[in-house]
Amino acid sequence: MTQKTNKVFQQSGVIPYRIIDGKVEILLITTRNRQGWVIPKGGLCKGMSPHDSAAKEAWEEAGVIGRVTTENLGNYKYRKRGNTYQVNLFLLPVETVLEDWPEATSRKRRWLEINQAAELVKEISLRRIIESL
């Protein structure tokens with residue numbers, strides 16, 4: 001009997017942040033079905049570095065632009081539709097917040113203080129990374 005190997009799909013994502021009146025705020029977005037709060041993330045784009053790919057996801061999913069750090073902040077895994085995904089995270093100091101972006105009609109976004117953002121995300125390992133900021 002052969003055992004099925006579970007492939008882990010690689011993704012990159014960002015934790016978009018800004019500093020307002022000395023307080024750090026993180027931007028969360030809803031899932032496409034608006035059932036939960038997540039960070040912008042997605043599959044690695046061919047020919048792009050993980051942090052550049054993460055920047056593209058931030059623009060597409062959250063409508064934010066900035067210079068993504070090249071240092072990997074950490075990673076977390078999640079399961080969706082029977083697949084396992086590993087997300088490598090990068091920080092994104094937000095420079096521009098767009099009024100219109102590719103997924104504006106399918107997602108909401110919300111700026112939150114670190115502890116509020118940590119409470120809203122479902123993935124425990126992502127919550128720990130946010131809390132460590």
Side-chain angles (χ1 to χ4, degrees):
M1 200 156 146
T2 59
Q3 186 175 343
K4 183 181 172 187
T5 56
N6 289 337
K7 184 174 180 190
V8 176
F9 296 94
Q10 295 297 313
Q11 293 188 323
S12 58
V14 295
I15 297 179
Y17 75 94
R18 66 183 180 186
I19 300 171
I20 302 287
D21 298 327
K23 288 189 176 181
V24 177
E25 292 182 335
I26 292 173
L27 183 68
L28 293 183
I29 58 172
T30 58
T31 56
R32 278 209 180 99
N33 62 14
R34 298 187 182 199
Q35 296 297 307
W37 292 93
V38 295
I39 50 116
K41 66 187 177 316
L44 298 174
C45 298
K46 201 171 194 142
M48 292 178 84
S49 67
H51 62 274
D52 285 338
S53 189
K56 180 176 175 277
E57 294 297 332
W59 166 70
E60 287 176 352
E61 296 183 353
V64 291
I65 299 171
R67 287 190 191 274
V68 175
T69 60
T70 57
E71 183 182 332
N72 189 331
L73 184 64
N75 63 65
Y76 73 98
K77 288 182 181 176
Y78 71 97
R79 291 187 57 77
K80 182 178 174 181
R81 295 189 198 106
N83 293 318
T84 301
Y85 299 86
Q86 178 172 300
V87 183
N88 292 301
L89 288 174
F90 301 90
L91 284 174
L92 171 64
V94 174
E95 297 167 12
T96 305
V97 179
L98 302 170
E99 291 303 313
D100 189 31
W101 66 97
E103 296 186 18
T105 58
S106 55
R107 298 184 189 269
K108 289 183 180 179
R109 60 185 179 189
R110 189 167 162 199
W111 288 102
L112 300 152
E113 289 184 18
I114 290 172
N115 59 343
Q116 294 171 312
E119 286 177 22
L120 282 181
V121 296
K122 184 176 72 173
E123 297 299 328
I124 292 168
S125 47
L126 174 58
R127 181 180 302 157
R128 286 191 188 119
I129 292 169
I130 291 173
E131 288 171 340
S132 74
L133 296 176

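Both backbone and side-chain heavy atoms feed into the values below; hydrogens, waters and symmetry mates do not. Computed from a predicted structure; not experimentally measured. In what follows, residues are counted from 1 in the order of the sequence shown.
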Is there a side-chain contact between [X] and [Y], using heavy atoms and a 4.5 Å cut-off?
| X | Y | value |
| --- | --- | --- |
| Val68 | Asp52 | no |
| Thr70 | His51 | yes |
| Met48 | Lys56 | yes |
| Leu133 | Tyr17 | no |
| Arg32 | Glu103 | yes |
| Phe90 | Leu73 | no |
| Val38 | Thr30 | no |

[atom1] of [X] to [atom2] of [Y]: how many Å apart, nearest 0.5 Å?
| X | Y | atom1 | atom2 | answer |
| --- | --- | --- | --- | --- |
| Ile26 | Ile15 | CD1 | CD1 | 5.5 Å |
| Trp37 | Glu119 | CH2 | CD | 14.0 Å |
| Leu28 | Lys108 | CG | NZ | 14.0 Å |
| Glu57 | Leu44 | CD | CG | 9.0 Å |
| Tyr76 | Leu126 | OH | CG | 5.0 Å |

Pi-cation contact, Trp101 with Arg109 (under 6.0 Å, within 45°):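 Yes - Arg109 lies over the ring of Trp101, closer than 6.0 Å to its centre and within 45° of its axis.
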Lys41 NZ/CZ over Tyr78 ring centroid, <6.0 Å and within 45° of normal: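 Yes, cation above the ring, under 6.0 Å and within 45°.
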Heavy-atom donor-acceptor pair, Gln116 side chain to Glu113 backbone, under 3.5 Å: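 At least one qualifying donor-acceptor pair exists.
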Option from Leu120, Leu27, Ile29 for which side-chain contact (heavy atoms from CB on, under 4.5 Å) with Arg110 holds: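 Of the listed options, the one satisfying the test is Leu120.
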Ile130, Thr69, Ile129 screened by side-chain contact (heavy atoms from CB on, under 4.5 Å) with Leu89, the one that passes: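 Among the candidates, only Ile129 passes.
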Candidate pair Gln86 and Gln11, rule side-chain contact (heavy atoms from CB on, under 4.5 Å), full reasoning: CA-CA 6 Å; Gln86 178 172 300; Gln11 293 188 323; over 6 Å; no
Pairing of Arg127 and Glu131 as salt bridge, 4.0 angstrom limit: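 So Arg127 does not pair with Glu131 through a salt bridge.
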Carboxylate-amine/guanidinium contact Arg18 Glu25, below 4.0 Å: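 So Arg18 pairs with Glu25 through a salt bridge.
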Donor + acceptor pair across side chains of Arg79, Thr84 (<3.5 Å):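 Yes, side-chain donor-acceptor contact under 3.5 Å.
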Worked check of side-chain contact (heavy atoms from CB on, under 4.5 Å) between Tyr85 and Lys80: CA-CA 8 Å; Tyr85 299 86; Lys80 182 178 174 181; 3.8 Å; yes
